[in-house]
Peer 1: 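Here it is, the structure in full.
Whatever order the structure lists ligands and atoms in, that order sets their numbers, starting from 1. Along the sequence shown, residues carry numbers from 1.
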Amino acid sequence: MDFKSVQRLFPSEDGNKPQQAAFLNYIGNLIENIDSLKDPEKSTLGNIQDKNNDFYKELIENTYTPQSGIGMDQVVQELVNLSKGSPYQTRNYVTNSIPVASMAGIIGQLTTALLNSNSLWDVYGPAATEAEVRVISMMSKIVGYDYTTSWGYTTWGGQGAVFNGLRLAIVKQFPNSNEEGIPNNLYCFASENAHYSLLKSVEATGIGSKHLITVKAGADHSMDLDDLKCKLEGVIQKGGIPVYIVATTGVTDSFGIDDVKAVKEITAELEKKYQLKPIHIHADSAMGGFYSFFREYDFANNPLQFEENVLVSLEKINERMQHIHLADSCCFDFHKLGQNPYNASLYLVKNGQDFGLLDLEEFDTPYVGNRGYGSYHTGYTLECSRMGSAVSIYASLLAFGVEGYQQLLANYVRVNLAFREKLVNKIPRISITNNETIGPITNFRLYENKANWDFEISGRATSEEIDKINVLNNQLFEILGKNREGVFFGDTKKQCLVDVSNSRNRQPIYAAKFFSISPYTTIEHLDHIVEAVDSAIKELEEIKNEVLI
Ligand SMILES: *Cc1c(COP(=O)(O)O)cnc(C)c1O
């Protein structure tokens, strides 16, 4: 390979037409080839690739870096090969919260790539940093933060936001902890339904997972406030220091919404009673926070003319969501309900000045920031270079606008309301196990003969009875999973925990999951989706009968 061919691997230096045409041609080929694999009746691009036990072993053994580059046409072909069998968000894609990236989001990310814009410093990445400042302000206004004092940055997922919130929580109470290390009596709190992000964070910060206190959740899958208060006081009275409470606003599995307002009232009361420093509250709104787009919706006049049942549900969600701004920090995973390509998460804090507690000294950052030129340098993030995902977030916010997001998010609610009704009408052996919450998710659980969730949630079942139904649902997961090329459902082995009559340990509930995340899933397609559940149950019965014979 000669040097000239190497130069031709780059976009042009001068905008010349032949190089531009070549570049557009690669992109065009990629899109055409992926499009040719699409089929709305499936949830995948072409057939799922069979992966035997040696699949990855063979990849490891047989893949080499070519001696000479293989040429861009061939590269594109290899990329198309990689996409075969990939899940794709058609109407039949109802598993977890993985969106099809919108065109705005993709073009935004392409822009970042073309400019290779780094959010670390505005001298190097003016597009990324300008977009970041803009989206911080846009989303602060949406969620109800005072945009003159709030601040934030794009980070590594909802996980990163939970971690960054904890970092801030510690340094706010212990400003010297970065030099001296942390005391050994710090405690964090979250619902038993919270995402495991906090578990990893208490491990990584050295607080230790034994100092993560899980709070019981109630029938609506939100944090039980009496239990929170009781556990906070228990820790305080034993000499522990509560530093961080994660209130999940939109639980990943069930869409329960913790009451941020009540959590704030409890911490204020206890801070006063025990003369504590403020306890940092992080609203883990990674998933559900997008329903903040309804914070200022005119529910009385209903300008987008949502049907009555959809409107009532949206208002119910908003009752809790509207209080996110009372939390000290929050997060928006644009790569979930924001419909952006990975990774696109925005972490926001109410009081931006707090970042000063984490910022590095000039002496520690010799090659960026703190110059006469350039005025935006993010020395307070854990990352050094950061991908400019704010550009794609900016593009999405501009393309959808508030109303575009409202339409999408309302359709998820519309589809879930209808799905629940159709499912239990068709299959009386099924209960909806998150019936007290609504959003993009429905959890459903199969029983031997008749729906029995009321009995289980009331704590009257024995742990053996719960186990038995869990086993049955696990069998259903296997069949739904095997059939996922048709309709792709999700499942969870801990949708929530319930009390049982014969043990003090709360028992996890297994449930299948319908997660509406595709813009193409609409009410007309639900009969087919319910049919897929029904035939999976029939398949399950056949297997059971065969075993008996
Ligand atoms: C998805 C999710 C996370 C983790 O987010 P990533 O973007 O995958 O890191 C954290 N919390 C909640 C509530 C989530 O739904």
Peer 1: Would the Y291 and F255 ring centres measure less than 6.0 Å apart?
Peer 2: yes
Peer 1: Indicate yes or no: does D491 engage K513 in a salt bridge with an N to O separation below 4.0 Å.
Peer 2: no
Peer 1: Examine T248 against ligand 1 and note whether any of their N/O atoms are separated by less than 3.5 Å.
Peer 2: no
Peer 1: I want to know whether Y297 and F306 have ring centres closer than 6.0 Å.
Peer 2: yes
Peer 1: For G158 and ligand 1, does the shortest N/O to N/O distance drop below 3.5 Å?
Peer 2: yes
Peer 1: With the threshold set at 4.0 Å, does a side-chain nitrogen-carboxylate oxygen contact exist between R320 and D220?
Peer 2: yes
Peer 1: Using a 4.0 Å cutoff against the non-hydrogen atoms of S197, which atoms of ligand 1 qualify?
Peer 2: 4 (C), 10 (C)
Peer 1: Under 4.0 Å from any heavy atom of K336, which atoms of ligand 1 are there?
Peer 2: 1 (C), 2 (C), 3 (C), 4 (C), 5 (O), 14 (C), 15 (O)
Peer 1: Closest non-hydrogen protein atom to atom 12 (C) of ligand 1, residue and atom name please, with distance?
Peer 2: D284 OD2, 3.4 Å
Peer 1: Under 3.5 Å between any N/O of W156 and any N/O of ligand 1: does that happen in this structure?
Peer 2: no
Peer 1: Out of all atoms in ligand 1, which are within 4.0 Å of some heavy atom of Q159? Include the element for each.
Peer 2: 4 (C), 5 (O), 6 (P), 9 (O)
Peer 1: Please determine if S345 has a nitrogen or oxygen closer than 3.5 Å to a nitrogen or oxygen of ligand 1.
Peer 2: no
Peer 1: For this output row, return yes or no: ring centroids of Y88 and Y93 closer than 6.0 angstrom.
Peer 2: no
Peer 1: Show me which atoms of ligand 1 lie under 4.0 Å from any heavy atom of T252.
Peer 2: 12 (C), 13 (C), 14 (C), 15 (O)
Peer 1: Output yes when R506 and E192 qualify as a salt bridge under the 4.0 Å nitrogen-oxygen rule, no when they do not.
Peer 2: yes
Peer 1: Taking the six-membered ring of Y145 as reference, does the cationic atom of K350 (NZ for Lys, CZ for Arg) lie under 6.0 Å from its centre and within 45° of its axis?
Peer 2: no
Peer 1: I'd like to check which ligand 1 atoms, numbered from 1 as shown, lie under 4.0 Å from a non-hydrogen atom of D333.
Peer 2: 1 (C), 5 (O), 6 (P), 7 (O)
